[in-house]
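What you see is a predicted model; the values in this text were computed from it and never measured.
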Amino acid sequence: MTELVNDRFLRALLREPVDRTPLWMMRQAGRYLPEYRATRAEAGSFMGLCTNPELACEVTMQPLRRYAMDAAILFSDILTIPDAMGLGLYFTEGEGPKFERPLTSIADIKALEPNRAVSELRYVMDAVSLIRRELKGSVPLIGFSGSPWTLATYMIEGGSSKDFAKTKRMAFNEPEAMHMLLEKLAESVALYLTEQVKQGAQAVQIFDTWGGSLSHAAYREFSLRYMSEIIQRLPREADGRRVPVIVFTKGGGQWLEAIADCGADAVGLDWTTDIGDARRQIGDKVALQGNMDPAMLFASPERIKTEVASVLESFGAGSGHIFNLGHGITPGVNPDHVSAMVDAVIELSPQYHS
């Protein structure tokens, strides 16, 4: 493989010294960019874009041409695994993802085949390989998956949900069925991420988007337990260096200690947690990623710079911080405001690194 020119993202994940705080942005390839919208129109649909390795590579590269990001992230969707399992993923304008055949019984769960995450998702692996070649060692490539709990919510609800009533009903009334589903998904995600690493991903992130919907005990039982199982199954080295794992639970600030002990190298923080408090709590165990409020990008460039300074100051001196938003970028953001954020991190963060 081509030697990596910029590895500050990987070094920061391992809390090794860096010259400045690295940054990337969740959903950095997305609808806020006019070139993304043009490529999606060319693909004909969102899934048409996801399933075309050449176009997925193109939209992955687009933000890197505009901004000095320190990592690329595979363009795909967290719901590719349930789609590969035969649930029939589709997208409706203004309503988000839907499944034609949601899970309604234990028989549906027993019929799921975890290994289809690799056998049916060749297009994802082809995209990973193509992106890695296209990057030419400029920055690392991040692979990703949804967490088992997050995937399960979509598979049972049939789409997005405000209260996750069907999913929680199964978890609390039929825990055996829920654990069977989560175990199958953990196996599937582990296979999926392992194959991404084999094809060239140099770090991976597990998106636990809906873990924060759970109670204190239920989070450990139904979400964190299975992310930990996945991490134990992953290859931790490729191309002669460690492959770091990031766990991001939206709404997970109350469980930082437990998340830090799950085996991940870094914990992603949403915008509701003070990163300085998080560092004092768990920063001696893991790196921290985050966590500017995505809505701050609607503010003026001057206000954005002030907020970047605040996040950097809150974390303080030393390595182990990857600057990011506290969730994915909002589609209506002005691309120039992203430039303001990136420029501010590049200008202001070197003072925190000796």
- Task: Spell out, yes or no, whether Met61 and Val338 are grouped together once hydrophobic residues are joined by side-chain heavy atoms under 4.5 Å, including indirect joins.
- Result: yes

- Message: Please verify the inter-ring angle class for Phe222 with Trp149; under 30° counts as parallel, over 60° as perpendicular, anything in between as tilted.
- Response: tilted

- Message: Please determine whether a side-chain nitrogen of the Lys or Arg among Arg65 and Glu35 lies less than 4.0 Å from a carboxylate oxygen of the Asp or Glu.
- Response: no

- Message: Please say yes or no: joined through hydrophobic side-chain contacts below 4.5 Å, possibly via intermediate residues, are Val18 and Leu10 part of one cluster?
- Response: no

- Ile346-Ile322 co-clustered via ILVMFWY side chain contacts under 4.5 Å: yes

- Can you say whether the rings of Phe164 and Trp210 are parallel (under 30°), tilted (30 to 60°) or perpendicular (over 60°)? tilted

- Task: Go through Glu347 and Asp343 one step at a time and tell me if the side chain to side chain contact (heavy atoms under 4.5 Å, CB included) criterion holds.
- Result: CA-CA 6 Å; Glu347 176 190 347; Asp343 292 346; 6.0 Å; no

- Output the distance between atom CD (Glu120) and atom CD1 (Ile81), rounded to the nearest 0.5 Å. 12.5 Å

- Query: Does a salt bridge link Glu229 with Arg233, judged by any charged N lying under 4.0 Å from a carboxylate O?
  - Reply: yes

- Item | Under 3.5 Å side-chain donor-acceptor pair for Thr167 and Glu157 | yes

- Message: Is there a path of hydrophobic side-chain contacts, each under 4.5 Å between heavy atoms, that joins Leu185 and Val118?
- Response: no

- Message: Between Asp270 (side chain only) and Gly251 (backbone N and O only), is there a donor and an acceptor less than 3.5 Å apart?
- Response: yes

- Is Met170 linked to Phe99 within one hydrophobic cluster, defined over Ile, Leu, Val, Met, Phe, Trp and Tyr using a side-chain heavy-atom separation of less than 4.5 Å? yes

- Result for ring-ring contact (aromatic ring centres under 6.0 Å, His included) between Phe46 and one of Tyr90, Tyr36, Phe91 points to Phe91

- Task: For Ser228 and Leu224, indicate whether the former's side chain and the latter's backbone hold a donor-acceptor pair under 3.5 Å.
- Result: no

- Gly211 and Tyr219 have their tightest heavy-atom pair at O-CD1, 3.6 Å

- Considering non-hydrogen atoms only, spot the tightest contact between Thr273 and Leu269 and give its length. CG2-CD2, 4.4 Å

- Message: Strictly distance-based, threshold 3.5 Å: is any side-chain N or O of His353 a donor or acceptor partner for the main-chain N or O of Pro17?
- Response: no

- Query: Do the charged groups of Arg225 and Glu183 touch, with an N to O distance under 4.0 Å?
  - Reply: no

Let me have the donor-acceptor pairs involving side chains of residues 279-286, under 3.5 Å, with sequence neighbours excluded, atom names and distances please.
{"unit_1": "Arg279", "atom_1": "NH1", "unit_2": "Phe315", "atom_2": "O", "d": "2.6"}
{"unit_1": "Arg279", "atom_1": "NH1", "unit_2": "Ala317", "atom_2": "O", "d": "2.8"}
{"unit_1": "Arg279", "atom_1": "NH2", "unit_2": "Ala317", "atom_2": "O", "d": "2.9"}
{"unit_1": "Arg280", "atom_1": "NH2", "unit_2": "Asp277", "atom_2": "OD1", "d": "2.5"}
{"unit_1": "Lys285", "atom_1": "NZ", "unit_2": "Glu257", "atom_2": "OE1", "d": "3.2"}
{"unit_1": "Lys285", "atom_1": "NZ", "unit_2": "Asp261", "atom_2": "OD1", "d": "3.3"}

- Message: Would you say that Tyr154 contacts Ser160 through its side chain, given a criterion of any heavy-atom pair below 4.5 Å between the two side chains?
- Response: yes

- Salt-bridge criterion met for Asp70 and Arg11 (N-O under 4.0 Å): no

- Is the CZ atom of Arg31 crowded by more than 12 outside heavy atoms at less than 6.0 Å? no

- Can you name the closest pair of heavy atoms from Val5 and Ser138 and give their distance? CB-O, 4.2 Å

- For Asn115 and Ser119, test the side chains for any donor-to-acceptor distance below 3.5 angstrom and give the result as yes or no. no

- Phe207 and Thr150: CA distance, side-chain angles, deciding distance, side chain to side chain contact (heavy atoms under 4.5 Å, CB included) verdict: CA-CA 8 Å; Phe207 284 88; Thr150 292; over 6 Å; no

- Residues, nucleotides or ligands: over 12 heavy atoms within 6.0 Å of Gln254 CD: yes

